[in-house]
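We name chains A, B, ... by the order of the sequence lines, and we start the count at 1 in each one. What's counted below: heavy atoms across the whole structure, side chains too, no hydrogens, waters or symmetry copies.
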Number of protein chains: 2
Amino acid sequence: MAALREYVAKNGLKFTKQRELIAEVFFKGAGHLSAEELLERVREQDSQVSLATVYRTMKLLTDCGLANPHRFGERQTVYEPSETGEEHHDHIICQDCGRIFEFFDERVERIQDEVAARHGLELTSHRMELYGRCVRANCENKKN
Amino acid sequence: MAALREYVAKNGLKFTKQRELIAEVFFKGAGHLSAEELLERVREQDSQVSLATVYRTMKLLTDCGLANPHRFGERQTVYEPSETGEEHHDHIICQDCGRIFEFFDERVERIQDEVAARHGLELTSHRMELYGRCVRANCENKKN
DNA sequence: ATTAATGCAAAAGTTTTGCATCGTT
DNA sequence: AACGATGCAAAACTTTTGCATTAAT
């Protein structure tokens, strides 16, 4: 939030109440929110905000490194607050119902370091996405 | 290809020359092809094929488990032939020199299945990318 | 002969953009 | 006052669908 203010100031941009509100809603939210979902929540507080502004603000947040857009299986782009290292997690996505689960596995993290070392690299970051299908009973949208 | 014929027969569908051509082009291609790109290649052989048919065929291939749709960073969905396990690999990328190394680690594969099961999903594919930097001596383009 | 598949065009859905106006600096 | 941001509507794109026609079974 402060980081956004800073970035905006540093780049000759303007800190509007829409940006403030959208950022606030975004950071308060549990992550994985689409522009449409963000708009809905934003409009609870200011019904005049437009979808275009949400998109423009999310692009801004992405540019300052505060948000990361993801396109998993779904139609829409969802945005996630940037990870601060501690809170890192990976994703597992159901291709039928589109739900996204998060997971963290310490063993994977260790193996990654080992693999990197084996290839003579020092790891800076990584990305791991598992795609699958909910077993029948659990899936919210089994297609057949 | 034979698998497609089988699936089609088993489900009372029809094995059309469009489906045959699209599947052929898809499997020949190096993966990561969008519907638009597939259409372009398909039309080199049959200029009458429509984009709708490409989409419909890719959905069919997805349903029989021969293709997997992915939405990475891009606008469009890209399709990848299903991995057969043996030939699967992940990537580790040096952010300095840009070299991409491939690796495969059986432990990671096992953990992935375990994680998927824990969340009630059956894994169809995954993507894992490690980003790092070559240690000085190895790097072809160390920047600092 | 049946009935699924195709091509086309229209529709649906998501994201971007042009422009007049508004609000921050 | 200057100029970036906003809201709106339209445009741009990707993907899906309705329908008359074609083709595989």
Return yes if a side-chain donor-acceptor contact under 3.5 Å exists between A/His91 and A/His32, otherwise no. yes
Can you tell me the distance, in whole Å, between the CZ atom of A/Phe15 and the C1' atom of D/dC3? 19 Å
Decide yes or no for A/Gln18 and A/Thr57: does some side-chain heavy atom of the first lie under 4.5 Å from some side-chain heavy atom of the second? no
Go through the side-chain N and O atoms of A/Glu129 and B/His126 and say whether any donor and acceptor fall under 3.5 Å apart. no
What's the separation between atom SG in A/Cys64 and atom CG in A/Asn11, rounded to the nearest 0.5 Å? 8.5 Å
Parallel, tilted or perpendicular, as decided by the 30° and 60° cut-offs, for the rings of B/Phe26 and B/Tyr79: perpendicular
In whole angstrom, what separates B/Arg19's CZ from D/dA23's C1'? 12 Å
Does a donor on one side chain sit under 3.5 Å from an acceptor on the other, for A/Thr77 and A/Arg71? yes
Between CG of B/Leu38 and P of D/dT14 the distance, given in whole Å, is 14 Å
Gap between atoms CE and C1', on B/Met58 and D/dT16 respectively (whole Å): 16 Å
Overall bend of the helix from C/dA1-D/dT25 to C/dT25-D/dA1 (five pairs an end, 10° steps) is 30°
Under 4.0 Å between a side-chain N/O of A/Thr16 and OP1 or OP2 of D/dG4, yes or no? no
Taking the nucleotide of DNA chain C with the closest heavy atom to each, which residue, A/Lys14 or B/Gln18, is nearer the 5' end? B/Gln18
Can you tell me the distance, in whole Å, between the CD atom of A/Gln48 and the P atom of C/dC22? 13 Å
How does protein contact run along nucleotides 9-19 of chain C, one letter per nucleotide 5' to 3', with B for base contact, S for sugar-phosphate only, - for none, heavy atoms under 4.0 Å? ----SSBBBB-
As an exercise, state the distance from CD of B/Gln45 to OG of B/Ser47, rounded to the nearest 0.5 Å. 11.5 Å
In whole Å, I'd like the distance from the CG atom of B/Asn11 to the C1' atom of C/dT3. 15 Å
Whole-Å distance separating the CZ atom of A/Arg5 from the P atom of C/dT24: 12 Å
Here the distance between atom P of D/dA24 and atom CD of B/Glu20, to the nearest Å, is 11 Å
Side chain of A/Thr53 only, heavy atoms from C-beta on: which candidate in C/dG23, D/dG7, C/dA5 is closest? D/dG7
Does a side-chain heavy-atom distance below 4.5 Å link B/Glu114 with A/Arg107? yes
Quick check, are the ring centers of B/His89 and B/Phe104 under 6.0 angstrom apart? no
